[in-house]
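What follows is a short report on a single structure.
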Amino acid sequence: MGDIMASKLFDNLNLQQAEAVRIVSGPVMAVAGAGSGKTRVLTNRVAYLIDEVGIPANRILAITFTNRAAEEMKSRVFKLIQLPLKGIWISTFHAMGAKILRNDIHHLGYENNFQIIDDDDTVIITKNILKELNYDPKQYNPKALSNLVEAAKADPIVLEIQTQPFKKVLGEVFEEYQAFLKKNNLVDFQDLLVLILKLFREFPEVLKKYQNWFEYILVDEFQDTNDLQYDIVHLLAQKHKNLFIVGDEDQSIYAFRGANIQNIRKFMRDFPDFHKIILNQNYRSKKTILDAANAVIKHNRNRIPKDLFSELGQGEKIIHYKAESDDEEAYYVYNRIKQFSKSGINYRDMAVLYRNNAMSRKFEDVLLKYNIPYKVIGNISFYKRKEIKDIISYLRLIVNRGDDYAFARVYNEPKRGIGQTSFEKISEYAKDHQMKIMECIEQGVEFLVGKSTAAKLQEFKTMIDQLYENIENVNLLVTYENLLTNSGYIGALQKEAATGDKMLEAERRIENIQEFKSIILEKIKEIDLSKNYDILVNILNELALRAEAEDLLENDEYVSLMTMHSAKGLEFKVVFLTCFEQTLFPSSQSLLERNDIEEERRLFYVGLTRAKEHVYITNSKARFMYGHYQSNPDSEFLGEIEEDLIDHQGIMKRQHAFSGMPSRESRSVNEPAVMPSYTPTRNQFAIGDKVKHITFGEGIVVMIDKDKATIAFKAEYGIKVLMKDHPSIQKV
DNA sequence: TACGACAATCTTTTT
DNA sequence: GATTGTCGTA
Ligand SMILES: Nc1ncnc2c1ncn2[C@@H]1O[C@H](COP(=O)(O)OP(=O)(O)OP(=O)(O)O)[C@@H](O)[C@H]1O
């Protein structure tokens, strides 16, 4: 059996790949270009460890970048060895963190039914704390502040390097934020890494347990790990030192989130006897595509050159299509999809990629209109919808009635006549007496908020209590239904849907809640636990980690729509890279910093190398965005592909921005002619120009109106709309 | 306390 | 454009 299996595991590998699978002892690093089989090697190595080396599946830890990649890897390994993978740890860092914390977080003084909050919650809590401390959220941007708080968790030096008075504010917010989370048994995304390290460092016996347990550790997409993740791997691998990493520096696209390319060097430093394997044959793309990708990435100064080759034939030229409008661009993409489908290519072999999620809209519209099956991948806006967040908060309140954050979200949703002032009174009382809001209500709160409000609060508490008490007696879906009915949530929506002007919105909400129910049903089916309570904790955990209950039907037929970031690791026969306009891709924010633009370029490289056979790059002369028609020059990246590899179609002549674009409303009619209070200059700007402002410093022009210019400045100032002829702006 | 009207603000990528 | 905040009114 072993031998047959062995040949199956090595059949489809070249020499270097086979070596990367076979050398199982000690540290191994495979640095390799796109499509060179890194993921395949990692998968086969896991299979080899289990099937040939005889390592129990649950002693292997394999880290992937996304939950989707984890699922994919599990199913591939299973296909290779046909053995149950019981207990195998194939997951993202964050999912692993959550799993370890569920077992061991009690050491740190949390309960193991802790809930994971997302980035939006982090900002909201930061803002609430600012207000509580009597700071003005307008003066101190809650988003920026929460970023610093998260950074400070990773490295407390962040608290020290600030200047007063900001240092004081940050310090206070930091303390309060940490305390709030702990008090409510909440953990944020960063905690999933930070607390693991804390646990490992402060409780050596816990570290030892995991160090001993994980005999083999494998990390995919190593180029995009951050410092905390490196430290975790470093600690875990200390005992057995069987650490296998694969990565490609040219595909590092998450520096904006703290990914540190230096981790590859740290690995070499900390595991000096590592074995290095280079994979340089690309098995995915036709030569034209690979040549184009190589040409593009050469524009980055900050990289080590490598020579990747393909033997899959020259293939066709890349097509660049420039449309008149965003609608036409989308229509063009639809048309190509239709043609490819006719010629026998499956929808699932085609992908439409773009820089940001908002850009999916036009493509969705046109595909919907012409009945092409499609799926928008990785867009989490569904989970950001009010009704979904509300329902999740209700579920969290059932899991932990001491979760004051969840309470705050839903106590008056739907309207129960419990107002903000009452809530604040109880909140303050609770805080002063070290109690939870629900405990206060239990005790009686008439003396704080009056009789009728107190009764309403009591009623609310009883409703939640009953759902909790019955949770093991009825199916979880029944609890879900009861929650919707008993809370009055669905009733209020139905009432809205039957009357008045908010009909459509209410109907949509009801539909979303139904859809959410089916998502929960999917998850219930997947989770093999006996207690409903535990299942619910598990479901909330997965929802928080954004692990989509993917119906992994292999022959699902749909075109994939996603960001280039989400496409990392995937491959398609036909790839459409869309919205290739300066300030969209590369994004306006990235144009300021050389490092940022290099990361954007790597993103382009990732996009290109997803394609096996055909690449289409599209853009448009004008598009409707942020409430305006906007006209951007072609992306500078377009010019980085050698001309003999690309064919330009559509509007050929480069036209000056805004020529022939009628302005939508003639704004001069109602606007009084105000004399400027400054001496106007004769500044003439074009989109993409670099400028310097007296107070905001360097910036880049992203949009031009009749008299105003929209300029993106460094992050601390952001995007500003300024008078074009103001003397404070200078072209550089 | 609830809600409508209007103003202001923000628009990258994700675990 | 979409969402969030603010203010006045019932
Ligand atoms: N030795 C091989 N022979 C034939 N095909 C191979 C071989 N190795 C890998 N492939 C195929 O090449 C493609 C790319 O492999 P894989 O996804 O593992 O590459 P990768 O290095 O992880 O890519 P990327 O970093 O771009 O995501 C896959 O379709 C894979 O099946």
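None of the values given here were measured: they were computed from a predicted structure. Naming: A, B, ... by sequence-line order, numbering from 1 per chain. Excluded from the calculations below are hydrogen atoms, water molecules and symmetry mates; all remaining heavy atoms, backbone and side chain alike, are included.
Residues meeting the side-chain contact (heavy atoms from CB on, under 4.5 Å) test with A:Ser620, sequence neighbours left out: A:Ala323, A:Glu329, A:Glu581, A:Arg623. Not counting sequence neighbours, A:Tyr110 has no partner by the side chain to side chain donor-acceptor pair (under 3.5 Å) test. Every residue two or more places apart in sequence or in another chain that forms a side chain to side chain donor-acceptor pair (under 3.5 Å) with A:Lys362 is listed here: A:Asp327. Looking at residues two or more places apart in sequence or on another chain, you find no side chain to side chain donor-acceptor pair (under 3.5 Å) involving A:Ser91. Residues that satisfy the salt bridge (charged side-chain N to carboxylate O under 4.0 Å, His left out) test with A:Arg355, not counting sequence neighbours, are A:Glu600. Judged as a side chain to side chain donor-acceptor pair (under 3.5 Å), and not counting sequence neighbours, A:Ser146 has no contacts.
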With the criterion being N/O to N/O and under 3.5 Å, what pairs connect the protein with nucleotides 13-15 of chain B, and how long is each?
| unit_1 | atom_1 | unit_2 | atom_2 | d |
| --- | --- | --- | --- | --- |
| B:dT13 | OP1 | A:Asn357 | N | 2.9 |
| B:dT13 | OP1 | A:Asn357 | ND2 | 3.2 |
| B:dT13 | O4' | A:Arg355 | NH1 | 3.0 |
| B:dT13 | O2 | A:Arg355 | NH2 | 2.9 |
| B:dT13 | O2 | A:His565 | NE2 | 3.4 |
| B:dT14 | OP1 | A:Thr563 | OG1 | 3.1 |
| B:dT14 | OP1 | A:Ser566 | OG | 3.3 |
| B:dT14 | OP2 | A:Asn357 | ND2 | 3.2 |
| B:dT14 | O2 | A:Arg257 | NH1 | 3.1 |
| B:dT15 | O4' | A:Arg257 | NH1 | 3.4 |
| B:dT15 | O3' | A:Thr92 | OG1 | 3.2 |
| B:dT15 | O2 | A:His94 | NE2 | 3.2 |
| B:dT15 | O4 | A:Asp119 | OD2 | 2.4 |

Would you list the protein and nucleotides 3-5 of chain C atom pairs, both N or O, that sit under 3.5 Å from each other?
| unit_1 | atom_1 | unit_2 | atom_2 | d |
| --- | --- | --- | --- | --- |
| C:dG5 | OP1 | A:Lys127 | NZ | 2.2 |

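Look at CG on A:Asn141: it is 14 Å from C1' on B:dA8, rounded to the nearest Å. The interatomic distance linking A:Arg508 (CZ) with C:dA2 (C1') rounds to 12 Å, in whole Å.
Judged by closest nucleotide on DNA chain B, A:Thr421 is the one of A:Thr421 and A:Ser587 placed further toward the 5' end.
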Could you go through residues 248-260 of chain A and list every donor-acceptor pair under 3.5 Å that involves a side-chain atom there, pairing it with any protein atom two or more places apart or in another chain?
| unit_1 | atom_1 | unit_2 | atom_2 | d |
| --- | --- | --- | --- | --- |
| A:Asp248 | OD1 | A:Asp250 | N | 3.0 |
| A:Asp248 | OD1 | A:Lys306 | NZ | 2.8 |
| A:Asp248 | OD2 | A:Ala34 | N | 3.4 |
| A:Asp248 | OD2 | A:Gln251 | NE2 | 2.9 |
| A:Glu249 | OE2 | A:Arg265 | NH2 | 3.2 |
| A:Asp250 | OD1 | A:Arg303 | NE | 2.9 |
| A:Asp250 | OD2 | A:Arg303 | NE | 3.4 |
| A:Asp250 | OD2 | A:Arg303 | NH2 | 2.9 |
| A:Asp250 | OD2 | A:Lys306 | NZ | 2.9 |
| A:Gln251 | OE1 | A:Arg610 | NH2 | 3.2 |
| A:Ser252 | OG | A:Asp224 | OD1 | 3.4 |
| A:Asn260 | OD1 | A:Gln262 | N | 2.8 |
| A:Asn260 | ND2 | A:Asp227 | OD1 | 2.9 |

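Relative ring orientation between A:Phe423 and A:Tyr411 is described as parallel, the plane-to-plane angle staying below 30° on a 0-90° scale split at 30° and 60°.
Comparing B:dT12 with C:dG5, their C1' atoms sit 24 Å apart, to the nearest whole Å.
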